[in-house]
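Remarks on the structure that follows.
Computed from a predicted structure; not experimentally measured. The first residue in the sequence is number 1, and the count goes up from there. Both backbone and side-chain heavy atoms feed into the values below; hydrogens, waters and symmetry mates do not.
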Amino acid sequence: MRYTSHLDLHRAWERTIRRANLPLAYTQGFRPHPRINLASALPLGFTSQDEVVDIWLEDALPLADIETALNGSLPPGMQICSVDTVSDRDPTLQTQLLAAEYLITLLEPLPELETRLQAICRSDSLPRQRRGKSYDLRPLLLELRQFADDEDGQQRLLAVLAAQEGATGRPEEVILALGGEPTLARVQRTRLVFISPS
C-alpha cells in the first residue's frame with residue numbers, strides 16, 4: 001500500500017464500492033464522475049491508519065450493512081474502521097482539515113536526536129526550499145517530539161503538521177531539518193485533525 005498513488009487509491013475505492021454492490025452516486029454532466037472525496041492526498045511512500053473519505057450513495061442504507069459490504073470487498077491492505085452519515089450541507093473534508101499527525105521511524109539512528117529536536121522546537125524559523133520556492137517550515141510544525149523506539153530499537157518521532165490549503169507541512173522536510181535522510185525513514189500518517197463541530 002505504501003506505493004499506491006492518490007489516483008490509484010481513488011480508483012480502489014470506486015472498485016470496492018462496485019464490488020460491494022452499493023449504489024454509488026455520480027456527478028451530472030457530459031463526463032460523470034463517482035462522488036468520492038478523500039480528505040487529503042496521502043504522499044507516495046507513506047502508510048496510514050486514519051484516512052477519511054466521503055462517499056455519496058443514491059439510496060439510504062443501514063450503516064452496518066454498508067460497513068459489512070465494504071469490508072468484504074476491500075483489497076488487501078485496506079480496512080474500514082467506522083462508517084457514519086454526514087449531511088450534504090456540511091463543508092467539504094478539505095476545508096475542515098487543520099493538521100495531520102505522523103509517526104516517523106528512522107531506519108538509521110540520528111545521533112543526539114533529543115538535542116536536534118530541542119533546537120528545532122526553540123527556533124523562530126526553519127527556512128526551506130521546495131520546488132525552487134523558499135518557505136518557512138516552523139509555523140507549519142505544530143508539534144514535534146521523540147516517541148518510544150519501536151521493537152527493533154529504531155528511533156521514532158511524532159510530528160503534527162499543518163495540512164491546510166497553501167499551508168501544508170511535509171514530514172520529509174522535518175527529517176531533512178533534523179539532518180536525516182527521508183529515504184532512510186518510514187512515515188505513517190496516524191491521525192487527521194479536523195475543525196471541531198460548533
**Complete:** To the nearest 0.5 Å, atom CD1 of Ile104 lies from atom CZ of Phe147 at 12.0 Å
**Message:** Using 0.5 Å steps for rounding, measure from the CG atom of Leu137 to the CG atom of Leu144.
**Reply:** 9.5 Å
**Message:** Closer than 3.5 angstrom, by distance alone: can the side chain of Gln154 be matched with the main-chain N or O of Pro109 as a donor-acceptor pair?
**Reply:** no
**Message:** Within the structure provided, determine whether Glu114 and Gln146 are in side-chain contact (heavy-atom separation under 4.5 Å).
**Reply:** yes
**Message:** Within the 4.5 Å heavy-atom criterion, are Met1 and Leu9 side-chain neighbours or not?
**Reply:** yes
**Request:** Determine, step by step, whether Thr190 and Gln188 satisfy the side-chain hydrogen bond (donor to acceptor under 3.5 Å, both in side chains) criterion, reporting the C-alpha distance in whole Å, the side-chain angles of both residues, the deciding distance to 0.1 Å, and the verdict.
**Result:** CA-CA 6 Å; Thr190 51; Gln188 182 174 50; over 6 Å; no
**Request:** Output yes when a side-chain donor or acceptor of His33 lies under 3.5 Å from a complementary backbone atom of Tyr26, and no otherwise.
**Result:** no
**Item:** Heavy-atom closest contact (Leu61 atom, Pro23 atom, distance)
**Value:** CD1-CD, 3.8 Å
**Fill in**
In terms of heavy-atom contacts, Ser40 and Leu97 come closest through CB-CD2, 3.6 Å
**Prompt:** Does the side chain of Tyr135 reach to within under 4.5 Å of the side chain of Arg130, using non-hydrogen atoms?
**Reply:** yes
**Request:** For Asp50 and Ser48, work out which heavy atoms get closest and say how close.
**Result:** N-OG, 3.2 Å
**Request:** For Ser5, check side chain to side chain donor-acceptor pair (under 3.5 Å) against everything at least two apart and list the hits.
**Result:** Asp8
**Fill in**
Scanning both residues in full, the closest heavy-atom pair of Ala185 with Leu106 reads CB-CD2, 4.2 Å
**Asked** Taking 4.0 angstrom as the limit, do Arg116 and Glu112 come out as a salt bridge?
**Response** no
**Item:** Main-chain N/O of Pro127 paired with Ser125 side-chain donor or acceptor, under 3.5 Å
**Value:** no
Name every donor-acceptor pair, under 3.5 Å, that has one atom in a side chain of residues 68-78 and the other anywhere in the protein, sequence neighbours excluded.
| residue | atom | partner | partner atom | Å |
| --- | --- | --- | --- | --- |
| Thr68 | OG1 | Ala64 | O | 2.9 |
| Asn71 | OD1 | Ile80 | N | 3.1 |
| Ser73 | OG | Ala20 | N | 3.4 |
| Ser73 | OG | Ala69 | O | 3.0 |

**Check: Leu178 and Leu157 side chains under 4.5 Å, non-hydrogen atoms** = yes
**Residue pair Leu140 / Thr168, side-chain heavy-atom distance below 4.5 Å** = no
**Prompt:** Would a 4.5 Å heavy-atom cut-off, applied to side chains only, mark Trp13 and Leu38 as touching?
**Reply:** yes
**Asked** Just by distance, do the side chain of Arg189 and the backbone of Leu192 share a donor-acceptor pair under 3.5 Å?
**Response** no
**Message:** Can you confirm whether more than 12 heavy atoms, excluding those of Asp124, are under 6.0 Å from its CG atom?
**Reply:** no
**Prompt:** Between Asp54 (side chain) and Asn37 (backbone), is there a donor-acceptor pair under 3.5 Å?
**Reply:** no
**Prompt:** To the nearest 0.5 Å, what is the distance between OG1 (Thr92) and CG (Asp90)?
**Reply:** 10.0 Å
**Any donor-acceptor pair under 3.5 Å from Asp150 side chain to Asp152 backbone** = yes
**Message:** Side chains of Val160 and Tyr102, heavy atoms from C-beta outward: is any pair under 4.5 Å?
**Reply:** no
**Fill in**
Output for pair (Gln164 CD, Gln96 CD), nearest 0.5 Å, gives 12.0 Å
**Request:** Calculate, to the nearest 0.5 Å, the distance between atoms CZ and CZ belonging to Arg145 and Arg156 respectively.
**Result:** 11.0 Å
**Prompt:** Rounded to the nearest 0.5 Å, how far apart are CZ of Arg15 and CG of Leu24?
**Reply:** 13.5 Å
**Asked** Looking at Arg128, Arg138, Arg131, which hits salt bridge (charged side-chain N to carboxylate O under 4.0 Å, His left out) with Glu173?
**Response** Arg128
**Prompt:** Quick one: does Arg35's side chain have a donor or acceptor within less than 3.5 Å of a partner on Leu57's backbone?
**Reply:** no
**Prompt:** Looking at residues at least two apart in the chain, or sitting in another chain, which of them share a side chain to side chain donor-acceptor pair (under 3.5 Å) with Thr115?
**Reply:** none
**Item:** Heavy-atom side-chain contact between Leu110 and Ile175 under 4.5 Å
**Value:** no
